[in-house]
Q: 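Here's a structure for you.
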Amino acid sequence: MATLTIDGKTITVVEGTSVLDAARKLGISIPTLCHHPKLSPYGGCRMCIVEIKGIARPVTACTTPVSEGMEVSTSTPYLEKLRRTILELILSDHPNDCMVCEKAGDCVLQELAYFYGLRENRFAGERRIYAKRDGNPLIERDMEKCILCDKCVRVCDEVQRVRAIEIAYRGFKSKVCPPYERDLDCEFCGQCIRVCPTGALTGKKWALKGRQKDIKEVDTICPYCGCGCNLTLNIRKNEIVRVTSKEDTLNEGWLCSKGTFGYHFVNSPERLKNPLIRIAPKSSEFGVRSSELKEKLQTQNSKLKTQNSKLFREATWDEALDLAAKRFREIKEKHGHDSIGALASARCTNEENYLFQKFMRAVIGTNNVDHCARY
Amino acid sequence: MAGLAAVFGSGAMTNSIPEIENNDVIFVIGSNTTETHPIIALRMKKALRKGAKLIVADPRKINLAGFADVWLQQKPGTDVVLLNAMMHVLLKNNLIDRVFILIRTEGFESFKDSLERYTPEYAEKITGVPKNDIIKAALLYGNANRPGIYYTMGITQHSHGTENVFAIANLALMTGNLGMESTGVNPLRGQNNVQGSTDMGCLPDQYPGYQKVNLPAIKTKFEKAWGVKLSKDAGLKATEMIAEADKGRLKAMYIMGENPAISDPDINHTVSSLKKLDFLVVQDIFLTDTAELADVVLPAASFAEKEGTFTNTERRVQRVRKALNPPGQAKEDSWIISELSERLGYPMKYNFTEEIFQEVGRLWQTVAGINYRRIEKDGLQWPCPTFDHPGTPYLFKGGFPRRKAAFTVVEYKPSKELPDEEYPLMLSTGRHLFHYHTGTMIRKGDALNSIAPEAYVELNPQDAIHLNLADGQKVRVSSRRGSIEVKAHITERVGKGMVFIPFHYREAAANVLTNTALDPVSKIPELKVCAVKIEPIKTGNYEVRTKKL
């Protein structure tokens with residue numbers, strides 16, 4: 001254990017803790033751009049500089065471990081002047097287009113520029129101009145907005161262990177890119193989007209769907225595999241705009257490609273909107289198979305109109321439920337309880353599954369109820 | 001799950017997901033974790049960063065194999081031999097936990113004798129895994145302090161799937177690697193709420209909470225709670241329902257959120273059986289292939305349009321919240337079931353969703369301590385019997401529900417359908433990263449579908465040379481039950497003589513090919529092994545055909 005003082009407050013922390021973490025434990029906020037609590041310290045952005053008594057020059061709080069008796073100042077006129085200059089330098093090579101940026105309102109860089117009141121920039125000069133030319137369908141990579149904080153590179157290497165991207169070139173030409181500047185070809189987990197502090201990385205599918213201030217957040221659970229990841233659905237106008245996850249959850253804020261990008265089915269125009277009753281005779285050929293399916297898929301968009309009208313008609317809930325109840329009753333009376341079977345769903349909630357088996361057991365009177373865990 | 005339940009008295013993950021990062025040895029068998037459970041795989045990768053060792057046993061060179069200290073490429077369907085040989089090595093090296101065996105297990109002596117013939121040499125012959133790798137893996141597991149075993153359908157979807165699970169249980173029992181933090185046997189459940197749907201009694205022989213329907217006292221309890229007489233006979237399992245429908249004995253079915261017309265083995269048979277029903281009701285969010293066979297289709301709400309709970313693979317009950325209104329006239333499944341029930345003379349009246357969960361708690365003590373308020377932020381893991389109980393991250397701390405866990409003698413049984421002259425290749429099916437199950441959900445959204453839009457068959461370069469196939473060429477894959485056309489993807493991910501097809505694609509549904517042979521206990525079909533042949537489709541012919549279409 002080591003005891004130190006930060007801005008006059010004393011704290012005792014485990015040896016090896018960084019000055020930044022110790023300060024945060026005390027509730028002292030130090031601005032950062034390249035720091036992420038679950039990634040290795042980087043010391044790249046220099047925003048977290050602090051002064052330590054006995055050390056001549058400011059040091060980065062995120063890479064400096066605490067030591068016994070340390071006296072740290074996190075905010076002095078000198079430090080704030082340096083931070084302001086660092087920000088100006090970063091912004092001198094950053095597009096001034098917050099008004100059209102997806103990240104506006106949720107951008108660490110914008111937030112810092114606001115608090116430091118930066119409108120003019122002493123260092124206006126050469127800018128890196130990169131064409132957006134990424135062929136992947138999911139992740140928008142606007143490298144002009146990249147501040148080279150390395151978070152995306154580290155999360156891809158340390159958490160996802162894919163190493164799809166790296167910082168290439170040196171100095172002013174430095175740039176985050178996949179090998180040989182090819183199009184991104186990775187697991188598309190979206191971890192890099194989640195950690196990006198600016199608008200450099202965003203989701204292509206959520207462009208122009210609404211910025212963070214227009215969003216209603218609803219916490220729920222992912223509908224795909226059994227991991228049970230906690231999702232936050234970002235909702236605007238009864239539509240899922242994007243999916244995020246909070247860091248203090250079971251999945252530590254990480255999601256996979258399905259969790260991040262697999263939500264479009266909810267707002268799909270192909271969703272069933274009305275009860276349907278069969279009009280095609282049961283004996284006729286229906287439910288086409290393998291070879292014909294290829295053809296069917298090509299016409300998938302018009303499928304509901306054509307295929308459906310031949311097979312089903314739309315009905316009211318009363319009609320559909322009355323028919324189902326009548327036929328179940330008839331079949332039960334004629335052939336017995338056990339002539340009816342039911343399959344429940346691993347997609348549905350506990351409450352629905354409970355009601356479903358209760359319906360089969362208490363109402364139909366059979367134990368013929370199973371689920372799909374066997375496939 | 002039947003397998004684990006029989007051995008331990010409870011069939012679920014013994015440990016929780018956060019505990020994975022403290023494993024010192026991770027043994028993954030029959031699970032392509034990075035693709036099927038990506039976030040659990042992240043925890044494994046975190047453990048590896050902290051110094052854990054990784055053993056992967058999989059016929060394919062899955063992504064995780066690249067991280068492994070030992071990768072065992074067993075032939076599909078030979079897991080029992082591999083596991084028995086590992087146990088043989090442990091026994092010979094005296095890496096067993098005699099105290100644990102004595103106090104908490106039974107049947108060790110006869111089991112021990114059964115391992116005698118499973119020498120690493122014998123196993124090398126059957127599984128194709130070099131004997132030194134088997135020994136290395138066994139010693140790694142045997143010397144570990146906190147090892148965890150992780151498996152999925154690669155273990156269970158076999159005609160001897162339950163025996164595979166018994167073999168895994170034996171391995172954990174003889175080394176005493178159970179009932180501690182970060183140490184146990186963990187079947188990873190494939191779907192968001194499989195655990196929940198079985199917990200809630202969607203099983204033909206069990207009421208909610210795995211309470212047997214054929215025990216009179218249990219039946220009486222439920223009769224009293226529900227106010228009706230109940231059937232004392234166990235019902236039909238899903239696979240049996242299809243068979244009974246085919247024979248004309250099952251007359252009607254009610255299918256909620258399920259698509260057996262794609263996910264079942266030998267789906268041509270499933271479809272023809274479902275067509276024979278007098279009456280079929282399908283309740284779903286899309287007009288699935290199964291729904292197209294229905295007499296009545298009921299439009300349901302999706303997960304984002306309702307309140308409730310899901311239970312994940314580690315028994316954690318978590319809150320699902322309504323974020324949207326369902327489209328058109330679509331309704332929550334609970335509303336639909338209640339309406340149908342009322343029309344059949346049994347009103348189910350609940351004022352709010354949580355009342356349903358409270359009713360479950362009254363009938364199943366294990367979740368009685370869970371209410372929505374307690375899981376507002378973080379979920380709770382059952383068992384959680386009282387409101388002051390903190391939930392249970394890992395099972396069997398104080399012993400097994402059935403007091404002593406039994407060793408089971410497991411002998412190697414080859415898969416039901418092995419390659420022969422006519423069908424010389426062994427087919428395995430599974431998922432891949434960008435798709436999910438029968439594709440009804442993901443394939444509706446263009447985003448992910450555009451990365452992996454087409455079905456393919458993975459095949460080893462040596463087989464490709466033998467068949468004179470080029471990468472990307474269209475081929476016809478046939479089994480005794482049907483054939484599909486897919487693109488060839490030539491890769492060393494699969495071993496020689498083996499092919500792999502993801503089952504997400506309805507236009508080239510892998511389950512046209514698969515075998516319906518069932519495990520006699522769990523009734524899980526043998527989706528992981530069947531015999532197929534591959535023929536090239538001549539480009540010229542193919543073009544003519546497409547033009548005709």
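Throughout, a chain's letter reflects where its sequence line sits, starting with A, and its residues are numbered from 1. Just so it is clear, the structure is predicted and the values come from calculations on it, not from any experiment.
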Q: Looking at side-chain heavy atoms only, is the closest gap between B:Leu340 and A:Val363 below 4.5 Å?
A: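 Counting from C-beta outward, B:Leu340 and A:Val363 never come under 4.5 Å.
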Q: Determine, for A:Asp219 against A:Lys246, whether the closest basic-nitrogen to carboxylate-oxygen distance falls under 4.0 angstrom.
A: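 Answer for the salt bridge query: yes.
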Q: Between A:Cys227, A:Ala315, A:Cys189, who has the most heavy-atom pairs with chain B when the cutoff is under 4.5 Å?
A: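 If we count pairs closer than 4.5 Å to chain B, A:Cys227 comes out on top.
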Q: In the structure I gave you, are the side-chain heavy atoms of A:His371 and B:Leu203 within less than 4.5 Å of one another anywhere?
A: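 Yes, their side chains come closer than 4.5 Å.
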Q: At a heavy-atom separation under 4.5 Å, does B:Leu188 approach chain A through its side chain, its backbone, both, or neither?
A: neither
Q: Does the side chain of A:Lys273 come within less than 4.5 Å of A:Glu314's, by heavy atoms?
A: no
Q: Pick from B:Gly482, B:Gly201, B:Pro18, B:Pro38: which one has the most heavy-atom pairs with chain A under 4.5 Å?
A: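 The answer is B:Gly201.
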Q: Against chain A, label B:Arg319 side chain, backbone, both or neither, depending on which of its atoms sit under 4.5 Å from a heavy atom there.
A: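 For B:Arg319, backbone heavy atoms alone lie under 4.5 Å from chain A.
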Q: With respect to chain B, which residue among A:Asn136, A:Asp338, A:Leu255, A:Asn251 yields the maximal number of heavy-atom pairs within a distance under 4.5 Å?
A: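 Looking at each of A:Asn136, A:Asp338, A:Leu255, A:Asn251 in turn, A:Leu255 comes out on top.
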Q: So which heavy atom on B:Ala300 is nearest to which on A:Arg271, and how close?
A: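 Heavy-atom minimum between the residues: O-NH2, 3.2 Å.
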Q: As a quick check of understanding, evaluate ring-ring contact (aromatic ring centres under 6.0 Å, His included) for B:Phe303 and B:Phe310, giving each step before the final call.
A: CA-CA 10 Å; B:Phe303 82 106; B:Phe310 286 155; 7.2 Å; no
Q: For the residue pair B:Thr313 and B:Gln195, establish whether any side-chain heavy-atom pair is separated by less than 4.5 Å.
A: no
Q: Given the options B:Pro208, B:Gly257, B:Pro327, which has more heavy-atom pairs under 4.5 Å with chain A than any of the others?
A: B:Pro327
Q: Measure B:Val296 against the heavy atoms of chain A and call it side chain, backbone, both or neither at under 4.5 Å.
A: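 Contact with chain A: backbone and side chain both.
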Q: Tell me, for B:Glu244 versus chain A, whether the close heavy atoms (under 4.5 Å) come from the side chain, the backbone, both or neither.
A: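 Contact with chain A is absent: no heavy atom of B:Glu244 under 4.5 Å.
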Q: What part of A:Lys216 is in contact with chain B, defined as an atom under 4.5 angstrom from a non-hydrogen atom: side chain, backbone, both or neither?
A: side chain
Q: Can you tell which part of A:Glu158 gets under 4.5 Å to a heavy atom of chain B, answering side chain, backbone, both or neither?
A: both
Q: Around atom CG of A:Asp185, are there more than 12 heavy atoms of other residues, nucleotides or ligands at under 6.0 Å?
A: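 Count not over threshold, so no.
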Q: Tell me, side chain or backbone of B:Thr309 under 4.5 Å from chain A's heavy atoms, or both, or neither?
A: both
Q: At a heavy-atom separation under 4.5 Å, does B:Arg321 approach chain A through its side chain, its backbone, both, or neither?
A: both
Q: Is A:Cys156 close to A:Val162 at the side-chain level, that is, under 4.5 Å between some pair of heavy atoms?
A: yes
Q: Using heavy-atom distances under 4.5 Å, tell me whether A:Ile235 contacts chain B through its side chain, its backbone, both, or neither.
A: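 For A:Ile235, side-chain heavy atoms alone lie under 4.5 Å from chain B.
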Q: Side chains of B:Leu48 and A:Arg161: closer than 4.5 Å at any heavy-atom pair?
A: yes
Q: Between A:Glu239 and A:Lys209, is the closest basic N to carboxylate O distance under 4.0 Å?
A: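 A:Glu239 and A:Lys209: salt-bridged.
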Q: In terms of heavy-atom proximity below 4.5 Å to chain B, should A:Ile364 be classed as side chain, backbone, both, or neither?
A: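 Side chain only.
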Q: With only heavy atoms counted, which part of A:Glu330 is less than 4.5 Å from chain B, the side chain, the backbone, both or neither?
A: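 Contact with chain B is absent: no heavy atom of A:Glu330 under 4.5 Å.
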Q: What part of B:Val213 lies closer than 4.5 angstrom to a heavy atom of chain A: side chain, backbone, both or neither?
A: side chain
Q: Which answer fits A:Leu138, side chain, backbone, both or neither, if we ask what part of it has an atom under 4.5 Å from a heavy atom of chain B?
A: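 Answer is side chain: those atoms of A:Leu138 sit under 4.5 Å from chain B.
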Q: Side chain, backbone, both or neither: which part of B:Gln283 has a non-hydrogen atom closer than 4.5 Å to chain A?
A: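 Contact with chain A: none, neither part.
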Q: Looking only at heavy atoms and a cut-off of under 4.5 Å, which of A:Lys334, A:Arg361, A:Gln160 has the most pairs with chain B?
A: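 Winner by heavy-atom pair count: A:Arg361.
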Q: Could you tell me which portion of B:Ala323 (side chain, backbone, both or neither) has an atom closer than 4.5 angstrom to a non-hydrogen atom of chain A?
A: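 Both parts, heavy atoms under 4.5 Å.
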Q: Is A:Asp248 in contact with chain B via its backbone, its side chain, both, or neither, using a 4.5 Å heavy-atom distance?
A: both
Q: Checking B:Lys377 against chain A: side chain, backbone, both or neither under 4.5 Å from a heavy atom?
A: both
Q: Tell me which of these, A:Gly203, A:Ala344, A:Gly259, has more heavy-atom pairs under 4.5 Å with chain B than the rest.
A: A:Ala344
Q: Can you say whether B:Ser338 sits under 4.5 Å from chain A via the side chain, the backbone, both, or neither, judging by heavy atoms?
A: side chain
Q: Does the pair B:Asp278/A:Arg327 count as a salt bridge with the N-to-O cut at 4.0 Å?
A: no
Q: Heavy-atom distances under 4.5 Å only: say whether A:Asp318 touches chain B with side chain, backbone, both or neither.
A: both
Q: Return the option, out of A:Glu319, A:Glu217, A:Glu252, A:Met360, with the maximum number of heavy-atom pairs under 4.5 Å with chain B.
A: A:Glu252
Q: Answer with side chain, backbone, both or neither: which region of B:Leu277 has an atom nearer than 4.5 Å to a non-hydrogen atom of chain A?
A: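 When you check distances to chain A, only backbone atoms of B:Leu277 fall under 4.5 Å.
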Q: With a 4.5 angstrom heavy-atom cut-off, which part of A:Ile331 approaches chain B: side chain, backbone, both or neither?
A: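 For A:Ile331, the side chain is the part near chain B, not the backbone.
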Q: Give me the atom names and distance for the closest heavy-atom approach of B:Asn259 to B:Asp289.
A: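 That closest heavy-atom pairing would be OD1-N, 3.8 Å.
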Q: Any idea which of B:Gln206, B:Lys232, B:Glu35, B:Glu240 has the most non-hydrogen atom pairs under 4.5 angstrom with chain A?
A: B:Gln206
Q: Among B:Leu42, B:Val281, B:Ile40, who wins on heavy-atom pairs under 4.5 Å with chain A?
A: B:Leu42
Q: So does B:Trp226 get a backbone contact from the side chain of A:Lys358, meaning a donor-acceptor N/O pair under 3.5 Å?
A: no
Q: Does any backbone or side-chain atom of B:Phe67 lie under 4.5 Å from a heavy atom of chain A? Answer side chain, backbone, both or neither.
A: side chain
Q: What option among A:Leu321, A:Ile340, A:Thr249, A:Leu323 has the most heavy-atom pairs under 4.5 Å with chain B?
A: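 Going by pairs under 4.5 Å, I would pick A:Leu321.
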Q: Assess whether side chain to side chain contact (heavy atoms under 4.5 Å, CB included) is satisfied between B:Asp378 and A:Leu250, documenting all intermediate values.
A: CA-CA 8 Å; B:Asp378 297 310; A:Leu250 174 66; over 6 Å; no
Q: Does any heavy atom of chain B fall under 4.5 Å from the side chain of A:Ile277, the backbone, both, or neither of them?
A: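 Both parts, backbone and side chain.
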Q: Taking all atoms of both residues into account, what is the closest heavy-atom pair of A:Glu352 and A:Cys348, and its distance?
A: OE1-CB, 3.2 Å
Q: Going from CZ on B:Phe286 to OG on B:Ser302, what distance comes out if it is rounded to the nearest 0.5 angstrom?
A: 8.5 Å
Q: What part of A:Asp322 gets closer than 4.5 Å to chain B, counting heavy atoms only: side chain, backbone, both or neither?
A: both
Q: What heavy-atom pair brings B:Ala304 and A:Leu233 nearest, and what distance separates the two atoms?
A: CB-CD1, 3.7 Å
Q: In terms of heavy-atom pairs under 4.5 Å with chain A, which of B:Val228, B:Asp295, B:Ile255 leads?
A: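 That would be B:Asp295.
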Q: Sort B:Glu305 into side chain, backbone, both or neither according to what part of it lies under 4.5 angstrom from a heavy atom of chain A.
A: side chain
Q: In terms of heavy-atom pairs under 4.5 Å, which option from B:Tyr207, B:Phe222, B:Tyr346, B:Phe279 contacts chain A the most?
A: B:Phe279
Q: Between the side chains of B:Lys331 and B:Glu339, is the shortest nitrogen-to-carboxylate-oxygen separation below 4.0 Å, so that they form an ion pair?
A: no
Q: For A:Asn274 versus B:Gln329, what's the shortest heavy-atom pair and its separation?
A: OD1-CG, 3.2 Å
Q: Taking side chain as C-beta onward, heavy atoms only, is B:Leu280 less than 4.5 Å from A:Arg278?
A: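 Side-chain contact under 4.5 Å: no.
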